[in-house]
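Chain A is the first sequence line, chain B the second, and so forth, proteins listed ahead of strands; every chain is numbered from 1.
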Number of protein chains: 2
Amino acid sequence: MRNTSPSSPAARQAEGIDRLWGTSVGEDTAFLLARANAITLAAANAAVGAFGLKVRSYSVLALAVSGERPNQRELSEFLRLDPSQIVALIDELEKRGLVRREPDAGDRRVNVVVATDEGREVYAGAREATERAEAECFSALDDEDRDRLKTILRTLAAAPGASAG
Amino acid sequence: MRNTSPSSPAARQAEGIDRLWGTSVGEDTAFLLARANAITLAAANAAVGAFGLKVRSYSVLALAVSGERPNQRELSEFLRLDPSQIVALIDELEKRGLVRREPDAGDRRVNVVVATDEGREVYAGAREATERAEAECFSALDDEDRDRLKTILRTLAAAPGASAG
DNA sequence: TATTGTTATACTCTATAACTATA
DNA sequence: TATAGTTATAGAGTATAACAATA
C-alpha cells in the first residue's frame, strides 16, 4: 500500500475513482443519463420484485389497468419492445391471472389487454412501492429540480427522433 | 379499418399510442429516463460504430486517453461493469492496438490502462461523432435546459445511493 | 398484399463463481 | 487473509426471421 494519504481503504478507493469524473466521460450527458437510468431501474426492479413483477411486466400491467384498452402492437410501440417480447410478458401476466386478452370486436386479428380485479390489486401495491423507490432515488433533488427533470425528459420523449430506434 | 378519423395510417397509429402518454406509465420519471437513455444509447452506439467501437469500449478508450492512468478495478467501479467485462473490453481494444496494459510499478498485481497513438486518433474521431449524435438527440432542448439536465444528472450521480447496485 | 400476433432461434449482455499471482 | 486480474459458464435480455390468421 504505497498511497497512504486517506485513512480508510474505502476513502482511498473513493478518492481514486472520483478523479475520473473530471474526464470527458464524466462530462458526457449520455453517460450520466445511462447511470441515472441504471440506478432508478435497479431500484424499481427491487420495488416491484416484491410483487413478483419486473419493470417490464409492471409497465404492461399498468397500461392494462389504465382503461385505455391497448392492443399488443400498441404496447409494443409504446414500450419500445418487440411484439414477441410483449407476447411473453402477457403470457406470464395472464398465467398469473393479472391480465386478460380480449379479442377486438372490430378486427379479429387484434387482442386488447385488460387487467383483472386481482391485476388491479397487485398493481396498486406495486405502484406504491415504485413511487416510494423513486422518491428515494430522487431524494438528492429538490422539488423544483424533480419537476424540471420530468419536464425535460417529457420534451425529449415527444421530440421527433424519439421514435427512431 | 373502422377508425377512419386520421387520414394516413401513420397518423392514425401515432394518435393511437399517444393516448397512452396520459397513463401513469407516461408520468413516471423512471420510465421517461429509461426512454431517453435508450434513445441516446442507440444514437451513441451508431456514432461510435463507424469506428469499430461500442459505447462500452468507447468509454474505456476515453478513460485510457484521459491521462488519469486508471487501473482495471477503477474502470470497473467507475463504469459500473464487472471486472471480467473490463477484461474483455481491454482485450478487444488491445488486440486492435488502441490501448496498452502497463504493469504498475508499485503493485505488480495492478494493470494501468493507457492509450496508444492510434487509440488517441480513433478516440478523437469517435468523440466528434458522439458529440454530433448527442447534439442531435438533445436538439429539442434549448441551451438552458441542456445545462439543467446535465446539472441534475450530475447531482444524482454524486448522491449517496448512486454507488449501490 | 399488409398487418396482428405467435413461435423459434441466435446473439448480446449481465451476473456469478472459481482460479492465479501478488500483497 | 485480502485484492487485482482472469477464465468459464449460466441466465437474462434483445434482435431477427418465418409463420398462421385475418384484413
Side-chain angles (χ1 to χ4, degrees), chain A residues 1-4 8-10 12-13 16-17 34 37-38 41-42 45-46 49 53-57 59-60 69-95 99-113 164-165, chain B residues 1-4 8-10 12-13 16-17 34 37-38 41-42 45-46 49 53-57 59-60 69-95 99-113 164-165:
Chain A
M1 239 181 238
R2 299 299 169 95
N3 181 358
T4 52
S8 74
R12 182 175 50 79
Q13 212 172 69
I17 76 153
N37 177 52
L41 183 65
N45 267 320
L53 299 168
K54 296 180 185 173
V55 164
R56 292 276 160 79
S57 43
S59 301
V60 170
R69 300 178 62 82
N71 63 40
Q72 297 189 203
R73 183 193 52 72
E74 288 171 334
L75 291 173
S76 163
E77 200 177 339
F78 186 70
L79 297 174
R80 300 171 70 90
L81 297 173
D82 193 85
S84 61
Q85 294 177 50
I86 297 292
V87 170
L89 289 168
I90 297 175
D91 281 353
E92 182 200 321
L93 290 170
E94 197 166 37
K95 190 154 44 176
V99 305
R100 217 173 33 234
R101 284 172 167 98
E102 281 189 4
D104 184 293
D107 185 337
R108 283 189 299 177
R109 292 173 305 182
V110 175
N111 289 332
V112 152
V113 181
Chain B
M1 241 180 236
R2 300 296 169 96
N3 180 358
T4 53
S8 74
R12 182 177 48 79
Q13 213 172 67
I17 76 153
N37 177 53
L41 182 66
N45 267 321
L53 298 168
K54 296 179 185 173
V55 164
R56 292 276 159 81
S57 43
S59 301
V60 170
R69 299 178 63 81
N71 63 39
Q72 297 188 202
R73 183 194 50 74
E74 288 171 335
L75 291 173
S76 163
E77 200 177 338
F78 186 70
L79 297 175
R80 301 171 69 89
L81 297 174
D82 193 85
S84 61
Q85 293 177 52
I86 298 293
V87 170
L89 289 168
I90 298 176
D91 281 353
E92 182 199 320
L93 291 170
E94 197 167 36
K95 190 153 48 175
V99 306
R100 219 173 31 233
R101 283 173 168 97
E102 281 189 6
D104 184 292
D107 187 336
R108 284 188 298 177
R109 292 173 303 182
V110 176
N111 289 332
V112 152
V113 181

K.L.:
Of the options D:dA12, D:dG5, C:dT6, whose atoms approach the side-chain atoms of A:R101 most closely?
P.N.:
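The nucleotide sitting nearest to the side chain is C:dT6.
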K.L.:
Look at the side chain of B:S84 against the base of C:dT16 and say whether a donor-acceptor pair falls under 3.5 Å; ignore hydrogens and angles.
P.N.:
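Such a pair exists between side chain and base.
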K.L.:
Which residue, A:R109 or A:P83, contacts DNA chain C at a nucleotide closer to its 5' end, judged by nearest heavy atom?
P.N.:
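Looking at DNA chain C, the more 5' nearest nucleotide goes with A:R109.
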K.L.:
Can you tell me the distance, in whole Å, between the CZ atom of A:R108 and the P atom of C:dT4?
P.N.:
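For the pair A:R108 CZ and C:dT4 P, the rounded distance is 16 Å.
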K.L.:
Give a yes or no answer on whether the side chain of B:S76 reaches the backbone of B:L81 with a donor-acceptor pair at less than 3.5 Å.
P.N.:
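Yes.
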K.L.:
Can you check the A:L79 CG to D:dG13 C1' distance for me, whole Å?
P.N.:
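Going from CG in A:L79 over to C1' in D:dG13 covers 15 Å.
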K.L.:
By the 4.0 Å heavy-atom rule, please label B:D104 as base, sugar-phosphate, or nothing.
P.N.:
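Nothing, no nucleic acid heavy atom in range.
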K.L.:
Determine, for B:E94 against B:R101, whether the closest basic-nitrogen to carboxylate-oxygen distance falls under 4.0 angstrom.
P.N.:
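So B:E94 pairs with B:R101 through a salt bridge.
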K.L.:
Expressed in angstrom and rounded to an integer, what is the separation of A:L89 atom CG from C:dG5 atom C1'?
P.N.:
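Spelled out: CG on A:L89 to C1' on C:dG5 is 14 Å.
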K.L.:
So, B:E77 side chain and A:I17 main chain: donor-acceptor pair closer than 3.5 Å or not?
P.N.:
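Flag not set: sc B:E77 to bb A:I17 has no pair under 3.5 Å.
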K.L.:
Is any side-chain heavy atom of A:L41 closer than 4.5 Å to one of A:V55?
P.N.:
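Contact flag for A:V55/A:L41 side chains = yes.
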K.L.:
Among D:dA4, D:dT6, D:dG13, find the nucleotide with the atom closest to the side chain of B:Q72.
P.N.:
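From the listed options, D:dT6 comes nearest.
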K.L.:
Please determine, for the side chain of B:R56, which listed nucleotide (D:dG5, D:dG13, C:dT14) has the closest atom?
P.N.:
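The answer is C:dT14.
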K.L.:
Between C:dT22 atom P and B:N71 atom CG, what is the distance in whole Å?
P.N.:
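It is 16 Å, rounded to the nearest whole Å.
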K.L.:
According to a strict under-4.0 Å criterion, is B:K54 in side-chain N/O contact with OP1 or OP2 of C:dT12?
P.N.:
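No, because none of the side-chain N or O atoms of B:K54 sits under 4.0 Å from OP1 or OP2 of C:dT12.
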K.L.:
Find the distance between CZ (A:R100) and CD1 (A:I90) and round it off to the nearest 0.5 Å.
P.N.:
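It is 13.0 Å, given to the nearest 0.5 Å.
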K.L.:
Whole-Å distance between C:dT4 C1' and A:Q85 CD?
P.N.:
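Computing the A:Q85:CD to C:dT4:C1' distance gives 17 Å.
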K.L.:
What is the distance, rounded to the nearest whole Å, between atom CG of A:N111 and atom C1' of D:dT22?
P.N.:
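Going from A:N111 (CG) to D:dT22 (C1'), I get 12 Å.
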K.L.:
Could you state the atom-to-atom distance from CD of A:E77 to P of C:dG5 in whole Å?
P.N.:
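Taking atom P of C:dG5 as the reference, CD of A:E77 is at 12 Å.
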K.L.:
Rounded to the nearest Å, what distance is computed from the CD1 atom of residue A:I86 to the C1' atom of nucleotide C:dG5?
P.N.:
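The distance from CD1 of A:I86 to C1' of C:dG5 comes to 11 Å, rounded to the nearest Å.
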K.L.:
Which nucleotide in the set C:dT22, D:dT7, C:dG5 lies at the smallest distance from any side-chain heavy atom of B:D107?
P.N.:
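In terms of side-chain proximity for B:D107, the closest of C:dT22, D:dT7, C:dG5 is C:dT22.
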K.L.:
A:D82 near the nucleic acid: base, sugar-phosphate alone, or nothing, with a heavy-atom cut-off under 4.0 Å?
P.N.:
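A:D82: base contact, heavy atoms under 4.0 Å.
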